[in-house]
Amino acid sequence: QVQLVESGGGLVQPGGSLRLSCAASRNIFRAAAMGWYRQTPGKERELVARITKRDITNYADSVKGRFTISRDNANNTVYLQMNSLNTEDTAVYYCKAELPFRTYWGQGTQVTVSS
């Protein structure tokens, strides 16, 4: 059973927008803080945005004011709205569920920002 299912990645031009979605199993979603991370070749995976069960959010400095993380508790889904994309946002984006004693990762979805 796949625990986290990501969608919404793709190719966009600089200045464009994308919305990533991550659908989680109900039992995981209810107990977890959810986050979006990204990774480019040769770099470590880095935090993009995080949201707790009580809707407290954190963002990387590089995306503040451009990205918004949210969660839909009715549908067990977390979103990442990405606006004003630039080429440095190109990466594989991963959904993460943080539970007290374990962590779940999505398979990753490619976001490419290019002219």
Side-chain angles (χ1 to χ4, degrees):
Q1 176 74 27
V2 177
Q3 305 294 334
L4 304 175
V5 180
E6 298 159 303
S7 61
L11 173 65
V12 296
Q13 295 183 357
S17 298
L18 283 174
R19 188 178 75 161
L20 306 182
S21 300
C22 175
S25 301
R26 183 177 62 256
N27 61 321
I28 293 176
F29 191 87
R30 291 185 299 180
M34 304 294 296
W36 286 99
Y37 291 70
R38 67 187 181 187
Q39 187 170 22
T40 58
K43 294 185 177 181
E44 295 183 355
R45 194 170 299 181
E46 66 175 358
L47 172 70
V48 176
R50 181 177 181 271
I51 185 168
T52 72
K53 291 175 289 184
R54 298 184 177 183
D55 293 332
I56 299 173
T57 58
N58 296 313
Y59 296 93
D61 289 341
S62 59
V63 306
K64 286 181 179 178
R66 300 188 298 119
F67 291 9
T68 302
I69 189 171
S70 62
R71 59 192 298 156
D72 183 345
N73 294 329
N75 293 305
N76 303 317
T77 302
V78 63
Y79 301 96
L80 184 67
Q81 179 66 46
M82 304 184 293
N83 299 325
S84 301
L85 287 162
N86 57 63
T87 57
E88 294 183 353
D89 296 317
T90 295
V92 178
Y93 284 71
Y94 297 90
C95 181
K96 180 185 179 183
E98 302 171 6
L99 276 71
F101 297 101
R102 69 184 70 185
T103 298
Y104 295 91
W105 289 94
Q107 79 286 352
T109 184
Q110 177 70 47
V111 172
T112 301
V113 185
S114 177
S115 300

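Start at 1 with the first residue, then count along the sequence. From a predicted model like this one, the values you see are computed outputs, not experimental measurements.
- Across every non-hydrogen atom of R66 and S84, the tightest pair is NH1-O, 3.0 Å.
- Shortest non-hydrogen contact noted between A97 and L4 is N-CD1, 3.9 Å.
- Under the 4.5 Å side-chain heavy-atom criterion for ILVMFWY residues, no single connected hydrophobic cluster contains both Y79 and V48.
- Annotation for T109 and E6: closest pair N-OE1, 4.2 Å, computed over non-hydrogen atoms.
- Cation-pi geometry between R45 and Y37 is not met at under 6.0 angstrom from the ring centre and within 45 degrees of the axis.
- The hydrophobic cluster containing V92 does not contain M82, counting ILVMFWY residues as joined when their side-chain heavy atoms lie under 4.5 angstrom apart, directly or transitively.
- Of all heavy-atom pairs between F29 and N73, the closest is CE2-OD1, 3.1 Å.
- Between Y59 and K64 the shortest heavy-atom distance is O-CE, 3.4 Å.
- A heavy-atom distance below 4.5 Å is found between the side chains of L11 and S114.
- Remark: the backbone N or O of R54 is paired with a side-chain donor or acceptor of T52 at under 3.5 angstrom.
- The shortest heavy-atom contact between G35 and I69 is CA-CD1, 4.4 Å.
- More than 12 heavy atoms of other residues, nucleotides or ligands lie within 6.0 Å of CD in Q39, so this atom counts as buried by the packing criterion.
- Taking 4.5 Å as the limit, every side-chain heavy atom of Q13 sits out of range of all side-chain heavy atoms of L85.
- Distance alone, capped at 3.5 Å, is enough to place a donor-acceptor pair between the T90 side chain and the V113 backbone.
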